[in-house]
Amino acid sequence: MMAFGVLLTDEGVAELGAALKDYLAEGPSGRYLPCKEASPDRDFFHLVSEAQNAEGATVEVELYVPNRYIKLVMSGLERKHIGFL
């Protein structure tokens, strides 16, 4: 299964950071979303990510992020292959 890293713009982090706090990670190049899927869908990027809920269970969520907040999308066979993570 492919792994995706979606690097957000500074504007995207400023505007969406609070809403995405449970999904965002920090890397050497800035805040990003680790995802299982990432694909453009008209004005939005459709992303599938995972997070832990209040009970500690891993849950899968679908996110739709406006294209203007996406700086870069990279994929690799494993997370370690994505350069900015």
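- Residues Ile70 and Val48 fall into different hydrophobic clusters, defined by Ile, Leu, Val, Met, Phe, Trp and Tyr side chains chained together at heavy-atom separations under 4.5 Å.
- Here Tyr64 sits in one hydrophobic cluster together with Phe44; the rule is ILVMFWY side chains under 4.5 Å apart, joined directly or through other members.
- Annotation for Asp41: atom CG counts as buried by contact number, over 12 foreign heavy atoms lying within 6.0 Å.
- Of the possible polar contacts, one joining the Ser49 side chain to the Pro34 backbone as a donor-acceptor pair under 3.5 Å is found.
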Can you give me every donor-acceptor pair (side chain of residues 15-27, partner residue at least two apart or in another chain, under 3.5 Å) with its distance?
from  : atom 1 : to    : atom 2 : distance (Å)
Glu15 : OE1    : Tyr69 : OH     : 3.2
Glu15 : OE2    : Tyr69 : OH     : 3.2
Glu26 : OE1    : Arg31 : NE     : 3.4

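- How far OG1 of Thr9 is from CG of Asn67: 11.0 Å, rounded to the nearest 0.5 Å.
- Residue pairs meeting the salt bridge (Lys or Arg N to Asp or Glu O under 4.0 Å) criterion with at least one member in residues 51-72, sequence neighbours excluded: Lys36-Glu60.
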Phe45 vs Val73, side-chain contact (heavy atoms from CB on, under 4.5 Å): CA-CA, chis, key distance, verdict: CA-CA 10 Å; Phe45 249 84; Val73 176; 3.7 Å; yes
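- Distance check: Leu8 CG to Leu72 CG gives 10.5 Å after rounding to the nearest 0.5 Å.
- Contact annotation: the side chain of Leu33 approaches that of Leu47 to within less than 4.5 Å [non-hydrogen atoms, C-beta and beyond].
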